[in-house]
Visitor: 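Dropping the structure in here first, questions after.
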Amino acid sequence: MSDNLNQTVEKPNVTPPASYTYKMDEVQNRIKEILNKHNNGIWISKLPHFYKELYKEDLNQGILQQFEHWPHICTVEKPCSGGQDLLLYPAKRKQLLRSELDTEKVPPSPLPAPKQTPPLKGCPTVVAGDFKEKVAELLVKYTSGLWASALPKAFEEMYKVKFPEDALKNLSSLSDVCTIDYISGNPQKAILYAKLPLPTDKIQTDAGQAHGDHDIKAMVEQEYLQIEENMAESANTFMEDIAVPPLMIPTEASPSVLVVELSNTNEVVIRYVGKDYSAAQELMEDEMKEYYSKNPKVIPVQAVNVGQLLAVNAEEDAWLRAQVISTEENKIKVCYVDYGFSENVEKNKAYKLNPKFCSLSFQATKCKLAGLEVLSDDPDLVKVVESLTCGKIFAVEILDKADIPLVVLYDTSGEDDININATCLKAICDKSLEVHLQVDAMYTNVKVTNICSDGTLYCQVPCKGLNKLNDLLHKIEDYFHCKHMTSECFVSLPFCGKICLFHCKGKWLRVEITNVHSSRALDVQFLDSGTVTSVKVSELREIPPRFLQEMIAIPPQAIKCCLADLPQSIGMWTPDAVLWLRDSVLNCSDCSIKVTKVDETRGIAHVYLFTPKNFPDPHRSINRQITNADLWKHQKDVFLSAVSSGAGSPNSKNGNMPVSGNTGENFRKNLKDVIKKSMVDHTSSFSTEELPPPVHLSKPGEHMDVYVPVACHPGYFVIQPWQEIHKLEVLMEEMILYYSVSEERHIAVEKDQVYAAKVENKWHRVLLKGILTNGLVSVYELDYGKHELVNVRKVQPLVDMFRKLPFQAVTAQLAGVKCNQWSEEASMVFRNHVEKKPLVALVQTVIENANPWDRKVAVYLVDTSLPDTDIWIHDFMSEYLIELSKVN
């Protein structure tokens with residue numbers, strides 16, 4: 001496997017005339033069109049903007065470096081004032097057609113000037129007369145012309161004599177032996193042509209002149225198509241360094257990759273899948289096959305050098321780009337630069353790579369799997385990663401866009417996305433430390449660590465792994481106690497699947513990051529208790545390097561269980577049943593279980609659960625006692641919070657303390673207390689709590705910066721004050737942290753009241769708009785202006801601390817345009833121009849209301865994102881309506 005993937009190859013420095021990556025012919029034609037509209041010139045820095053406006057595509061930045069080598073497309077000029085910017089002009093006619101005296105000549109291939117070599121030491125200096133003769137003789141070989149900057153090297157390589165140092169400073173002295181075409185003010189940008197005999201008859205009629213021009217143009221086009229062959233031939237003499245563009249990391253959020261191979265997890269060979277990557281490569285390989293299969297002039301290489309690029313006729317008549325790793329007598333070891341693997345090939349299957357196939361970046365590149373760095377060379381880990389990834393396509397989350405990007409792979413082929421990094425890490429845990437529950441076996445001294453709202457239990461069973469974990473956590477506690485906390489101890493790059501430490505109730509515990517909400521807040525699961533909660537990133541700590549490998553080897557100690565043989569009539573768990581179970585056994589460290597079934601596919605054990613005094617009588621098990629009918633009455637409007645109290649958070653005030661005395665004769669009393677405690681007062685509401693002040697809006701005639709989170713049509717959209725966005729983000733993070741650890745409250749919800757509701761893993765301030773019969777409620781997000789349906793269990797009181805910031809969503813309509821009924825097509829056009837964009841609003845009218853969510857505003861919207869012009873949205877929509885009416 002070559003280490004030179006996507007590095008500049010120490011061979012030919014050529015930029016070919018056509019680019020397979022960026023459809024160079026089409027790009028060049030488009031640039032011609034733009035320049036023809038700007039005869040007085042255009043700054044090169046402005047070109048990408050005009051290009052995108054006209055063709056709705058981004059102009060690749062690498063193209064900007066090629067203009068000096070496209071004399072047939074444009075003229076490049078550096079202004080006298082200096083600076084980095086350049087001026088572009090349409091190509092001069094003489095650059096393509098020359099003068100009448102040069103009708104048989106064509107422009108040289110658009111090559112950048114090869115590197116100049118210093119004069120050869122110890123070589124004789126050629127005299128003036130011989131020098132001109134040799135230049136004339138040399139230029140005859142370059143029928144397409146030769147750049148002046150390339151003349152010294154070509155001259156010295158051909159004649160083995162030193163090129164006169166001052167010859168390029170006075171090119172006019174060569175005018176008697178060659179034709180000189182100055183492309184710009186820089187003399188080294190001139191093109192040199194061999195002198196040809198003048199045509200004997202230069203007198204043409206007008207029709208003949210037009211016909212001659214047509215012939216010249218046809219000849220130019222024909223010669224341009226043959227430039228590729230000329231380049232290949234001239235490569236033998238002076239082109240020794242081909243520069244292949246580096247592979248650019250895709251800009252999309254989750255690009256797709258194909259995993260090719262790996263020797264360790266810090267160097268996984270991948271290929272990006274997509275239009276400008278795998279699709280462009282397939283197109284190039286089809287053209288390589290066409291070129292090499294049908295071109296009789298190309299022959300296998302006779303001699304090769306290490307690092308040289310080749311075209312190899314591989315299996316199934318495929319033509320692939322390859323780089324020479326080593327050579328033998330009749331065989332060459334090559335690395336296929338677009339696939340990342342190596343093999344030995346016969347010399348008669350290797351051909352010189354035509355420079356036109358060097359414009360596409362090498363497609364094989366490397367990445368590093370996040371979270372596996374400490375075990376990157378572990379043979380067991382490498383084997384697991386290979387079996388799960390090689391030859392498969394994954395979505396990739398790029399955490400760090402370094403030379404070798406740090407990534408997380410996700411398998412998105414099933415219903416749930418699977419974190420491959422985390423899966424591989426868990427697969428190499430020390431199997432001797434795992435707990436394998438046996439059917440019909442009894443286990444004592446079991447601790448119930450978590451009870452979910454669906455009745456699922458998490459238990460810890462005494463074992464070797466638990467003992468080793470506790471010893472290791474004690475050592476870490478001592479380590480942190482003796483060591484001063486530095487920045488290295490904090491988690492700087494959180495990602496899903498990362499294992500780190502969280503301090504809870506006086507000790508450090510292992511957690512796995514399960515969801516990253518923002519740069520400040522995230523969700524974690526305690527590996528050894530099954531508890532899920534939200535925490536601040538600043539509260540997490542890295543596992544000290546000296547303990548990391550040992551810590552990762554210990555499998556999670558929380559065993560997922562459910563109560564066996566519950567009656568089918570019980571159905572969904574009620575809040576009363578869950579609370580009774582939590583009060584009875586949660587954090588009780590001397591329970592016992594009897595295993596009746598182990599479901600390997602779901603990873604759950606069916607058990608009978610006993611408290612200490614009732615073991616092992618099955619009739620007095622928790623399974624039997626919880627079937628009491630009073631616990632399973634589904635009360636109207638009484639729901640359990642989605643995040644369990646105490647069990648849902650180690651920071652909860654109640655519920656995580658060990659429960660004692662809840663055995664035997666105390667069960668009935670406990671049952672009544674729990675039911676009484678879980679009842680709510682249906683008459684209570686939160687309407688008396690204060691609402692925040694209305695959000696500040698500019699006065700009519702004044703401007704304000706806004707963001708548009710929702711846009712239905714010009715008659716209805718939502719704006720947020722731009723200057724308050726940061727405050728809203730902070731509030732959202734604080735709500736996530738608060739409601740994930742707060743004590744649950746069973747509330748009777750009412751219409752037109754303000755609550756907190758969990759929508760797609762985030763907590764929002766909402767107005768409850770309606771109550772449905774299926775357990776769902778309709779809510780309006782007061783900060784984002786969206787209408788959502790959520791389960792009523794996910795609705796909680798909005799506490800005072802989150803009632804300070806004004807509700808950020810303000811309903812708006814577009815001023816300056818009138819339409820009684822907006823079509824879906826017009827609405828879509830409007831959405832595409834304003835939704836999820838920062839804009840400037842000129843306020844026309846503010847309609848106040850006692851309820852902040854009923855305030856309305858009429859505004860003009862202005863898009864100021866373009867450098868040279870502002871787009872008034874009402875003007876744009878008015879023009880659109882006029883055009884639409886003409887069509888209709």
Visitor: So does Lys699 get a backbone contact from the side chain of Glu702, meaning a donor-acceptor N/O pair under 3.5 Å?
Guide: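 Yes, the answer is positive, given that a donor and an acceptor are paired below the 3.5 Å cut-off.
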Visitor: Could you pull out the closest heavy-atom pair between Ile513 and Pro494, with the gap in Å?
Guide: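 Heavy-atom minimum between the residues: CD1-CB, 3.8 Å.
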Visitor: If every non-hydrogen atom of Lys837 is compared with every non-hydrogen atom of Asn832, which pair is closest and at what distance?
Guide: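 Scanning both residues, the minimum pair turns out to be NZ-O, 3.2 Å.
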Visitor: Just so I know, are the side chains of Leu697 and Val843 near enough to count as touching, which here means a heavy-atom distance under 4.5 Å?
Guide: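 Not touching, per the 4.5 Å side-chain cut-off.
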Visitor: So do Leu493 and Leu406 actually touch side chain to side chain, heavy atoms under 4.5 Å?
Guide: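 Result yes, sub-4.5 Å side-chain heavy-atom pair found.
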Visitor: Could you tell me whether the side chain of Ser698 and the main chain of His703 form a donor-acceptor pair under 3.5 Å?
Guide: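 Indeed, once roles are kept as given, a pair shorter than 3.5 Å links the two residues.
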Visitor: Could you go through residues 412-420 and list every donor-acceptor pair under 3.5 Å that involves a side-chain atom there, pairing it with any protein atom two or more places apart or in another chain?
Guide:
residue, atom, partner, partner atom, Å
Ser413, OG, Asp411, OD1, 2.7
Asn419, OD1, Asn421, N, 3.1
Asn419, OD1, Ala422, N, 2.9
Asn419, ND2, Cys496, O, 2.8

Visitor: Mind checking the CD1-CG spacing from Ile451 to Asp583? Nearest 0.5 Å is all I need.
Guide: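 One finds 9.0 Å between CD1 of Ile451 and CG of Asp583.
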Visitor: Who passes side-chain contact (heavy atoms from CB on, under 4.5 Å) against Cys562, sequence neighbours left out?
Guide: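 So Cys562 forms a side-chain contact (heavy atoms from CB on, under 4.5 Å) with Ile604, His606.
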Visitor: Rounded to the nearest 0.5 Å, what separation is found between the CD1 atom of Ile476 and the CZ atom of Arg541?
Guide: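 One finds 13.0 Å between CD1 of Ile476 and CZ of Arg541.
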Visitor: Would you please name every residue forming a ring-ring contact (aromatic ring centres under 6.0 Å, His included) with His517, sequence neighbours left out?
Guide: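 Partners of His517 under the ring-ring contact (aromatic ring centres under 6.0 Å, His included) test: none.
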Visitor: Using only atom types and a distance under 3.5 Å, with no angle test, would you say the side chain of Gln844 pairs donor to acceptor with the backbone of Val859?
Guide: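 Judged by distance alone, no pair lies under 3.5 Å.
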Visitor: Do any N or O atoms from the side chain of His764 and from the backbone of Val766 form a donor-acceptor pair under 3.5 angstrom?
Guide: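 Flag not set: sc His764 to bb Val766 has no pair under 3.5 Å.
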Visitor: Do Val535 and Leu522 have side-chain heavy atoms sitting under 4.5 Å apart?
Guide: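 The answer is yes, as the side chains (C-beta and beyond) meet within the 4.5 Å cut-off.
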Visitor: What's the shortest heavy-atom distance between Cys561 and Cys459, and which atoms?
Guide: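 The pair with the smallest heavy-atom distance is SG-SG, 4.1 Å.
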Visitor: Kindly say whether Lys536 contributes a backbone atom to a donor-acceptor pair with the side chain of Glu539 at under 3.5 angstrom?
Guide: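 A pair under 3.5 Å: yes.
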Visitor: The criterion is side-chain contact (heavy atoms from CB on, under 4.5 Å); which residues satisfy it with Lys507, sequence neighbours excluded?
Guide: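 side-chain contact (heavy atoms from CB on, under 4.5 Å) check on Lys507 returns Glu477, Leu509.
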Visitor: What pairs with Glu512 under salt bridge (charged side-chain N to carboxylate O under 4.0 Å, His left out), at least two apart in sequence or on another chain?
Guide: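 With neighbours one apart ignored, the set is Lys426.
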Visitor: Any sub-3.5 Å donor-acceptor pair from Tyr784's side-chain atoms to Gln808's backbone N or O?
Guide: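 No.
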Visitor: Could you tell me which residues satisfy side-chain contact (heavy atoms from CB on, under 4.5 Å) with Asp854, sequence neighbours excluded, listed by chain and number?
Guide: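 Result, side-chain contact (heavy atoms from CB on, under 4.5 Å) vs Asp854: Asn849, Asn851.
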Visitor: Does the Asp400 side chain pair with the main chain of Pro405, one donor and one acceptor, at a distance under 3.5 Å?
Guide: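 It does not hold such a pair.
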Visitor: Working to the nearest 0.5 Å, report the span between CG of Leu375 and SG of Cys424.
Guide: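 Answer for the CG-SG pair, Leu375 versus Cys424, is 11.5 Å.
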Visitor: For the residue pair Phe502 and Phe526, does the interplanar ring angle fall in the parallel (under 30°), tilted (30 to 60°) or perpendicular (over 60°) class?
Guide: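 Taking Phe526 first and then Phe502, their aromatic rings stand perpendicular (interplane angle over 60°).
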Visitor: Count the heavy atoms of every other residue, nucleotide or ligand shown that sit under 6.0 Å from CD of Glu252, and state whether that count exceeds 12.
Guide: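 Result for CD/Glu252: enclosed.
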Visitor: State which residues pass salt bridge (charged side-chain N to carboxylate O under 4.0 Å, His left out) with Asp783; sequence neighbours excluded, sorted by chain then number.
Guide: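 Asp783 satisfies salt bridge (charged side-chain N to carboxylate O under 4.0 Å, His left out) with Arg765 once adjacent residues are dropped.
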Visitor: Who pairs with Thr251 by side chain to side chain donor-acceptor pair (under 3.5 Å), at least two apart in sequence or on another chain?
Guide: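 Not a single residue meets the side chain to side chain donor-acceptor pair (under 3.5 Å) criterion with Thr251.
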Visitor: Check whether the ring centres of Phe480 and Trp508 lie less than 6.0 Å apart, and answer yes or no.
Guide: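 Ring centres of Trp508 and Phe480 closer than 6.0 Å.
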Visitor: Report yes or no: does Arg510 contribute a side-chain atom to a donor-acceptor pair with the main-chain N or O of Met551 at less than 3.5 Å?
Guide: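 Such a contact is found between Arg510 side chain and Met551 backbone.
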Visitor: If you define the side chain from C-beta out and look only at heavy atoms, does anything of Leu527 sit under 4.5 Å from Val511?
Guide: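 Not in contact.
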Visitor: Should Trp580 and Ile626 count as side-chain neighbours, where that means a heavy-atom distance under 4.5 Å?
Guide: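 With C-beta onward as the side chain, the pair touches.
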Visitor: Looking at residues at least two apart in the chain, or sitting in another chain, which of them share a side-chain contact (heavy atoms from CB on, under 4.5 Å) with Lys447?
Guide: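 Counting only residues at least two positions away or on another chain, Lys447 forms a side-chain contact (heavy atoms from CB on, under 4.5 Å) with Thr449, Gln460, Asn587, Ser589.
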Visitor: Kindly compute the distance separating SG (Cys429) from CD1 (Ile552), expressed to the nearest 0.5 Å.
Guide: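 Here the rounded value is 9.0 Å.
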Visitor: So that I know where these two stand, are His787 and Tyr780 an aromatic pair - ring centroids less than 6.0 Å apart?
Guide: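 Between Tyr780 and His787, which both carry aromatic rings, the centre distance is below 6.0 Å.
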Visitor: Taking the side chain as every heavy atom from C-beta outward, state whether Val749 and Val792 have any atom pair closer than 4.5 Å.
Guide: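 Touching, per the 4.5 Å side-chain cut-off.
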Visitor: Does the Ser256 side chain pair with the main chain of Ala395, one donor and one acceptor, at a distance under 3.5 Å?
Guide: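 Side chain of Ser256 to backbone of Ala395: no pair is present.
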Visitor: Under the side-chain contact (heavy atoms from CB on, under 4.5 Å) rule, what do Phe717 and Val710 come out as? Steps first, then yes or no, please.
Guide: CA-CA 6 Å; Phe717 56 95; Val710 174; over 6 Å; no
Visitor: Just checking Lys786: does its NZ atom have more than 12 heavy atoms from other residues, nucleotides or ligands closer to it than 6.0 angstrom?
Guide: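 Incorrect, the count does not exceed 12.
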Visitor: Look at the rings of Tyr739 and Phe802 and say which category their plane angle falls in: under 30° parallel, 30 to 60° tilted, over 60° perpendicular.
Guide: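 Answer is tilted, since the angle falls between 30° and 60°.
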Visitor: To the nearest 0.5 Å, tell me how far Gln720 CD sits from Trp722 CH2.
Guide: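 Reported to 0.5 Å precision, the distance equals 9.5 Å.
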Visitor: Heavy atoms only: give me the nearest Asp528-Pro555 pair and the separation to one decimal.
Guide: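 Closest approach of Asp528 to Pro555, heavy atoms only: OD1-O, 4.2 Å.
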Visitor: So, for Leu540 and Cys500, which heavy atoms are closest and what is the spacing to 0.1 Å?
Guide: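 For Leu540 versus Cys500, the nearest heavy atoms are CD1-SG, 3.9 Å.
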Visitor: Does the side-chain contact (heavy atoms from CB on, under 4.5 Å) test come out yes or no for Leu842 and Val862, once each step is laid out?
Guide: CA-CA 8 Å; Leu842 173 60; Val862 190; 5.5 Å; no
Visitor: What residue pairs, at least two apart or across chains, pass side chain to side chain donor-acceptor pair (under 3.5 Å) with a residue in residues 723-737?
Guide: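 Found Ser518-Glu733, Arg520-Glu733, Arg520-Glu734.
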Visitor: Is the shortest side-chain heavy-atom distance between Trp573 and Leu581 below 4.5 Å?
Guide: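 Yes - at least one pair of side-chain heavy atoms lies under 4.5 Å apart.
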Visitor: side-chain contact (heavy atoms from CB on, under 4.5 Å) for Lys758 and Val790? Distances and angles first, verdict last.
Guide: CA-CA 8 Å; Lys758 191 175 186 181; Val790 299; over 6 Å; no
Visitor: Using the ring-ring contact (aromatic ring centres under 6.0 Å, His included) criterion, which residues pair with Phe495? Sequence neighbours excluded.
Guide: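 ring-ring contact (aromatic ring centres under 6.0 Å, His included) check on Phe495 returns nothing, list empty.
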Visitor: Can you find a heavy atom in the side chain of Leu501 that is under 4.5 Å from one in the side chain of Pro544?
Guide: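 With C-beta onward as the side chain, the pair touches.
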Visitor: Does Asn450 use its side chain to pair, donor to acceptor, with the backbone of Gly530 at less than 3.5 Å?
Guide: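 Yes; at least one donor-acceptor contact below 3.5 Å.
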Visitor: Shortest non-hydrogen contact from Pro797 to Tyr755?
Guide: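 Where Pro797 meets Tyr755 most closely, the heavy atoms are CA-CD2, 4.4 Å.
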Visitor: The criterion is side chain to side chain donor-acceptor pair (under 3.5 Å); which residues satisfy it with Glu397, sequence neighbours excluded?
Guide: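 Counting only residues at least two positions away or on another chain, Glu397 forms a side chain to side chain donor-acceptor pair (under 3.5 Å) with Tyr410.
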Visitor: Start with the C-alpha distance between Lys498 and Glu542, add both sets of side-chain angles, then the distance that settles side-chain contact (heavy atoms from CB on, under 4.5 Å), and finish with yes or no.
Guide: CA-CA 10 Å; Lys498 181 178 178 63; Glu542 294 280 4; 3.0 Å; yes
Visitor: Nearest 0.5 Å, what's the CG-OG1 distance between Asp523 and Thr514?
Guide: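 One gets 4.5 Å once the value is rounded to the nearest 0.5 Å.
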